[in-house]
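Inspection log for the structure reproduced underneath, given as structure tokens.
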Amino acid sequence: MSEPQYDQRPPRRIRALHSASTVTVYQAYAPRLGVPAARDGRFPAAWKRDRMTWIKPSFLWMMYRCGWATKEDQETVLAVEITREGFDWALRHACLSHYDPDRHPDRVAWKRQLRESPARVQWDPERDLHLRPLPYRSLQLGLAGEAAHRYADEWTVSLTDVTPLARRVHAAVRAGDLTGARNLLPVEEPYPAGPELLAHLAA
């Protein structure tokens with residue numbers, strides 16, 4: 001069975017599972033980090049707050065990145081529910097991860113902005129259930145410095161191990177049950193990020 005045709009969508013838009021106060025993003029970790037994080041509902045001390053960490057609102061892009069939770073040190077997939085206030089702060093203080101001559105005076109200015117910004121954004125092709133690229137893009141948000149510390153210690157509301165969900169979806173895809181697989185996916189709706197949050201990140 002083939003997947004349904006997708007309607008025309010904006011080339012870059014944040015789609016996420018979100019509520020009035022939170023947004024869910026995904027990360028994959030080795031079990032030694034992911035399992036205690038999900039058990040305790042917080043990132044353990046071993047989680048390196050001084051390194052850049054990338055969060056992904058797209059479940060299927062996370063599956064593409066971690067190979068359905070089969071890649072080494074990515075066997076535990078976490079759904080991380082964070083405050084919308086924190087997510088919006090990261091967007092507001094982010095810069096593009098690539099140089100754009102329409103938005104940066106020159107490469108030197110872009111590199112300076114990259115060094116000084118606590119968050120960065122890249123737009124990567126969204127994925128279908130077979131993890132093939134789609135003609136529109138999903139947000140990947142990198143957090144460093146102040147943003148990484150806030151993410152781990154202030155913004156995180158809950159941590160849930162969704163590795164079993166990843167395996168169920170993958171099993172349905174392998175069995176050719178794309179309707180069943182799609183029904184298992186988190187409902188990711190357009191995130192209400194207006195121009196004040198995304199205008200500087202739309203390249």
Side-chain angles (χ1 to χ4, degrees), residues 2-28 52-66 68 77-104 110 113-114 117-144 147-148 150-151 155-157 160 162 165-166 169 173 178-179 181-203:
S2 61
E3 291 193 57
Q5 294 296 311
Y6 289 88
D7 56 350
Q8 186 64 35
R9 307 191 187 195
R12 293 171 180 83
R13 172 183 279 177
I14 302 173
R15 288 167 295 274
L17 174 64
H18 60 86
S19 69
S21 59
T22 65
V23 57
T24 298
V25 297
Y26 300 94
Q27 294 192 293
M52 175 162 287
T53 188
W54 288 87
I55 58 178
K56 304 154 185 69
S58 166
F59 180 84
L60 283 177
W61 205 94
M62 184 71 261
M63 294 304 99
Y64 164 72
R65 180 67 180 84
C66 71
W68 298 105
V77 181
L78 299 181
V80 186
E81 190 180 16
I82 65 175
T83 65
R84 281 178 53 168
E85 180 181 4
F87 187 68
D88 290 356
W89 185 95
L91 291 175
R92 195 173 290 113
H93 290 83
C95 69
L96 288 170
S97 63
H98 66 276
Y99 170 66
D100 176 15
D102 293 330
R103 296 187 179 275
H104 305 112
W110 165 67
Q113 186 182 45
L114 205 62
S117 298
R120 62 185 62 175
V121 158
Q122 63 186 47
W123 298 95
D124 294 309
E126 180 59 281
R127 301 286 159 164
D128 66 12
L129 283 166
H130 293 290
L131 306 185
R132 299 172 301 204
L134 291 169
Y136 51 90
R137 293 177 178 263
S138 283
L139 177 91
Q140 319 304 322
L141 183 58
L143 308 175
R150 287 187 176 214
Y151 170 67
W155 301 343
T156 298
V157 175
T160 304
V162 292
L165 173 62
V169 176
V173 172
L178 298 187
T179 299
R182 189 163 299 283
N183 288 338
L184 291 170
L185 293 177
V187 179
E188 295 170 1
E189 300 286 353
Y191 183 75
E196 72 280 4
L197 292 179
L198 290 183
H200 63 302
L201 301 171

Closest heavy-atom contact between Ile82 and Ile55? CD1-CD1, 4.3 Å
Glu126-Ser58 side chain donor-acceptor pair, cut-off 3.5 Å: yes
Can you tell me how far apart CG (Leu178) and NE2 (His130) are? Round to the nearest 0.5 Å. 4.5 Å
Shortest non-hydrogen separation from Tyr151 to Gln27 and the atoms involved: OH-OE1, 2.7 Å
Atom pair CG (Leu131) and CG (Leu60), whose distance is rounded to the nearest 0.5 Å: 7.0 Å
Checking Glu85 now: which residues fulfil side chain to side chain contact (heavy atoms under 4.5 Å, CB included) with it, not counting sequence neighbours? Thr83
Pair Thr22-Glu81, side chain to side chain donor-acceptor pair (under 3.5 Å): steps then yes or no: CA-CA 6 Å; Thr22 65; Glu81 190 180 16; 2.7 Å; yes
Check whether any side-chain N or O of Trp61 sits under 3.5 Å from a backbone N or O of Pro125 as a donor-acceptor pair, and report yes or no. yes
Contacts of Ala28 meeting side chain to side chain contact (heavy atoms under 4.5 Å, CB included) (sequence neighbours excluded), chain-then-number -> Met62, Cys66, Gln74, Val77
Under the rule for salt bridge (Lys or Arg N to Asp or Glu O under 4.0 Å), what residues qualify as partners of Arg150, not counting sequence neighbours? Glu146
Mind checking what makes side-chain hydrogen bond (donor to acceptor under 3.5 Å, both in side chains) contact with Gln140, not counting sequence neighbours? none
What pairs with Trp89 under ring-ring contact (aromatic ring centres under 6.0 Å, His included), at least two apart in sequence or on another chain? His93, Trp155
Rounded to the nearest 0.5 Å, what's the gap from OH on Tyr64 to CZ on Arg132? Could you check? 13.5 Å
For Leu143 versus Ala119, what's the shortest heavy-atom pair and its separation? CD2-CB, 4.1 Å
side-chain hydrogen bond (donor to acceptor under 3.5 Å, both in side chains) involving Glu188 - partner list, sequence neighbours excluded: none
Evaluate the side-chain proximity of Val162 to Leu78: yes if any heavy-atom separation is below 4.5 Å, no if none is. no
How long is the straight-line distance from CG of Asp124 back to CZ of Arg65, given to the nearest 0.5 Å? 10.0 Å
Counterpart residues, side chain to side chain contact (heavy atoms under 4.5 Å, CB included), relative to Ser21 (two or more places apart): Ser19
Atom CZ in Arg13, atom CD in Glu189: separation rounded to 0.5 Å? 10.0 Å
What heavy-atom pair brings Ala79 and Thr24 nearest, and what distance separates the two atoms? CB-CG2, 3.9 Å
Which atoms form the tightest heavy-atom contact between Pro57 and Leu139, and what is the distance? CD-O, 3.2 Å
Those residues that, when tested against Tyr26, pass side-chain hydrogen bond (donor to acceptor under 3.5 Å, both in side chains) (two or more places apart): none
Could you tell me the separation between the CG atom of Leu129 and the OG1 atom of Thr179, rounded to the nearest 0.5 Å? 9.5 Å
Please evaluate residues Arg137 and Gln122 with respect to the criterion side chain to side chain contact (heavy atoms under 4.5 Å, CB included), reporting the C-alpha separation (whole Å), side-chain torsions for both, the decisive distance (0.1 Å), and the verdict. CA-CA 9 Å; Arg137 293 177 178 263; Gln122 63 186 47; over 6 Å; no
With sequence neighbours left out, what residues match Tyr191 under side chain to side chain contact (heavy atoms under 4.5 Å, CB included)? Ile14, His18, Val23, Arg84, Phe87, Asp88, Ala193
